[in-house]
Amino acid sequence: GALAVQAREVTDAMVSAASAALAQAINDAELQQGLLYPAVARLREVSVDVARAVAQQARDDGVAADMRSDLDELLDTATWSPRYPTYVPN
């Protein structure tokens, strides 16, 4: 989130926003399993949620350089996606 909005600094509030988003991401099933963090299988989903919270907080704190209106589109553009071409030997 900080990188996506080109934040000039990482504020304490941005760190708190990341922590809160991560804490909110754990679901009841994961809690019942005794997990402290969301399951790794949900890493991509949770990462986007945390990035969104951090980016919004950077905007709220006035440290974001990129203020494009559609935050979801901005994060989608900044998110790495594994795309591997199929290799076919000759």
Side-chain angles (χ1 to χ4, degrees):
L3 293 176
V5 296
Q6 301 171 14
R8 292 184 299 277
E9 64 181 283
V10 175
T11 65
D12 290 342
M14 290 165 65
V15 174
S16 293
S19 299
L22 182 60
Q24 292 171 359
I26 195 162
N27 61 36
D28 290 338
E30 292 163 339
L31 286 172
Q32 289 176 348
Q33 293 174 18
L35 298 178
L36 296 175
Y37 300 103
V40 173
R42 295 189 323 114
L43 181 63
R44 187 170 204 75
E45 166 196 343
V46 172
S47 295
V48 171
D49 291 342
V50 171
R52 184 179 300 106
V54 170
Q56 186 58 56
Q57 188 62 53
R59 288 179 170 186
D60 293 347
D61 291 347
V63 297
D66 192 329
M67 297 294 287
R68 283 184 261 176
S69 60
D70 191 346
L71 188 55
D72 288 329
E73 182 180 326
L74 177 63
L75 291 172
D76 187 49
T77 301
T79 301
W80 176 77
S81 295
R83 291 185 186 101
Y84 301 103
T86 302
Y87 175 72
V88 180
N90 292 333

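Atoms considered below: every heavy atom in the structure, side chains included; atoms not considered: hydrogens, waters and symmetry mates. This one's a predicted model, so the numbers in the text were calculated from it and none came from an experiment.
- Residue V10 is grouped with residue L22 when hydrophobic side chains (ILVMFWY) are merged at heavy-atom distances under 4.5 angstrom, including chains of intermediate members.
- For CG of D28, the number of neighbouring non-hydrogen atoms (other residues, nucleotides, ligands) closer than 6.0 Å is 12 at most.
- E73 places no side-chain N or O within donor-acceptor distance of the main-chain N or O of D70, the cut-off being under 3.5 Å.
- A chain of hydrophobic side-chain contacts below 4.5 Å, direct or via other Ile, Leu, Val, Met, Phe, Trp or Tyr residues, connects L36 to V46.
- In this structure, D12 has no side-chain contact (heavy atoms from CB on, under 4.5 Å) partners at least two apart in sequence or on a different chain.
- Under the 4.5 Å side-chain contact rule for hydrophobic residues, V5 and V63 do not share a cluster.
- R44 contributes atom CZ, which lies 12.5 Å from atom CG of D49 (distance to the nearest 0.5 angstrom).
- Atom CG of L3 is surrounded by 12 or fewer heavy atoms from other residues, nucleotides or ligands within 6.0 Å.
- Scanning both residues, A55 and G1, for their nearest heavy atoms gives CB-O, 3.7 Å.
- In this structure, CG on L71 lies 6.0 Å from CD on Q56, to the nearest 0.5 angstrom.
- Between M14 and A2, the shortest heavy-atom contact is CE-CB, 3.8 Å.
- If you take CG on L35 and CD1 on I26, they are separated by 5.5 Å, rounding to the nearest 0.5 Å.
- Using a 4.5 Å heavy-atom cutoff, the side chains of P85 and Y87 are not in contact.
- Contact detail for R59 and L74: the closest heavy-atom pair is NH2-CD2, 3.9 Å.
- Under the 3.5 Å distance criterion, with hydrogens and angles disregarded, no donor-acceptor pair is assigned to the side chains of S47 and R42.
- L75 and L43 are assigned to two separate hydrophobic clusters, defined by single-linkage of ILVMFWY side chains at heavy-atom distances under 4.5 Å.
- A side-chain donor from one of Q57 and D61 sits under 3.5 Å from a side-chain acceptor of the other.
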